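Before any comments, here is the structure.
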Amino acid sequence: MKVYMDYSATTPVKKEVLDAMIPFFTEQYGNPSSIYQMGQASKKAIDEARDKIAKTFNARQDEIYFTGCGSESDNWAIKGTAHALKHIGNHIITSSVEHHAVLHTCEYLEKQGFEITYLPVDSEGLVSLEDLKNAIKDTTILISIMYANNEIGTIQPIEEIGKIAKEKGILFHTDAVQAYGHIVIDTQALPVDMISVSAHKLYGPKGVGALYLRKGIKIHNLLHGGGQEKGRRAGTENIAGIVGFGKAAEMAYTDIEAHDKKLTTFRNDLTKRIMEAIPYTRLNGHKEKRLCNNVNISFQYVEGEGILLGLDMAGISASSGSACTSGSLDPSHVLLGIGLTHEIAHGSLRLTLGDMTTQEEIDYVVEKLPAIIQRLRDMSPLYEQVKEGNR
Ligand code: PLP
């Protein structure tokens, strides 16, 4: 059996999405900047996709800008604000558990003379509103806090953070790459100025993202060149990708309540059964304030890479809490950020569910995982000591 449980890494493109995209590679390939009919048809398709995405945010069409990925949207929001407002101040507040697209952008700006505060999180991954208030200075120009964490699924108090930012007149950006498609993000109700999202996390294609930029907010461009995206983001548009993104976003929000209900039930079932079947485990992230599709569990006395290899041999694709795939064995900054020791962080497993997940797949993982963990523990000298009562 083949089981994909890494939907937070990426998702398959849905058939309806691909069908919507294909004509824009083969027949409708006109450049949207061209004035003849085929060009204008491409322009119309982009506008329709923009409209679909705007609707999911309860936003205006002209508040949605297409980008090349979620990382670009994050870079644009943060660098664009920093450069536009540097005459007002040089201080940016973010959290220690952001995606690297935010963290590394902030580190880059630090080298350019900006001052960055990285707010800590509690053991469940939440930032403290008190810490946020205390961190604000006269020079603070931006708060960038992610909507939901990609590793542990914790959902931040975005509305409260937005209110604090608004009261102080500070711009607020949220990286909603993981939240988009799972949570309703209503920009009429939520005091958020900029939102980053990405198509490949919600059954759209890779290589296309968007930035919601509230009307009237002026940030600098990241890409300079042609006048695309109303002069805000140069580069010939990825029309097929944008059309696919529009279709995927529309589908994701058509029955979001049912999606949430189904995945929450699966998530809770999977978590409960794994925790019951395997001793010395810890659920990472917040129990309730978490993404409906995220399970993240640490298993003491095992290495995450070993778990992944064992699962892979059983046909299960999942993700661990360390960056081993990128050639380093450093445990994830998120797991260390919630206070896990290196040893425990190393034994972490992230299972993320999606629209194609079935009860049989959940049952299969619950059936296979205990033996994989046991086999690894049987090889662990630490576990030997635990069994002998020496630890
Ligand atoms: N932000 C978060 C929270 C993510 O999870 C990801 C991707 O995993 C990104 C940003 C980057 O998105 P993209 O892969 O579209 O660049």
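Order of appearance sets the numbers: ligands from 1, and atoms from 1 within every ligand. Note that the structure is a prediction, hence the values are computed from the model and not measured. When a residue number appears, it is its place in the shown sequence, counting from 1.
Here the options are Thr117, Ile161, Val127, the test is side-chain contact (heavy atoms from CB on, under 4.5 Å), and the partner is Leu132; only Ile161 passes.
Given atom 14 (O) of ligand 1, the protein heavy atom at minimum distance is His200 NE2, 2.9 Å. The protein heavy atom nearest to atom 15 (O) of ligand 1 is Ser198 OG, 2.6 Å. Protein heavy atom nearest atom 16 (O) of ligand 1, with residue, atom name and distance: Ser71 OG, 2.7 Å. From the protein, the heavy atom lying nearest to atom 4 (C) of ligand 1 is His99 CD2, 3.3 Å. Summary of contacts: the protein heavy atom closest to atom 5 (O) of ligand 1 is Gln178 NE2, 2.8 Å. Residue, atom and distance of the protein heavy atom nearest to atom 1 (N) of ligand 1 are Asp175 OD2, 2.6 Å. Closest protein heavy atom to atom 13 (P) of ligand 1: Gly70 N, 3.5 Å.
For NE2 of His342, the number of neighbouring non-hydrogen atoms (other residues, nucleotides, ligands) closer than 6.0 Å is 12 at most.
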- Task: Begin with the C-alpha distance, continue with both residues' side-chain angles, and end with the deciding distance and a verdict on side-chain contact (heavy atoms from CB on, under 4.5 Å) for Tyr180 and Ile53.
- Result: CA-CA 11 Å; Tyr180 194 48; Ile53 291 178; 3.7 Å; yes

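In terms of N/O distances under 3.5 Å, ligand 1 is approached by Lys201.
With a heavy-atom cut-off of 4.0 Å, Asp74 touches ligand 1 through its side chain alone.
With contacts defined as side-chain heavy-atom distances shorter than 4.5 Å, the pair Val243/Glu48 does not qualify.
Not a single donor-acceptor pair under 3.5 Å links the side chain of Gln28 to the backbone N or O of Ser42. A distance-only check finds a donor-acceptor pair linking the side chain of Asn221 to the backbone of Gly231 [under 3.5 Å].
Neither side chain, Thr187 nor Asn58, offers a donor N or O lying under 3.5 Å from an acceptor on the other.
Near Val177, the atoms of ligand 1 lying under 4.0 angstrom from a non-hydrogen atom of the residue are 1 (N), 2 (C), 4 (C), 6 (C), 9 (C), 10 (C).
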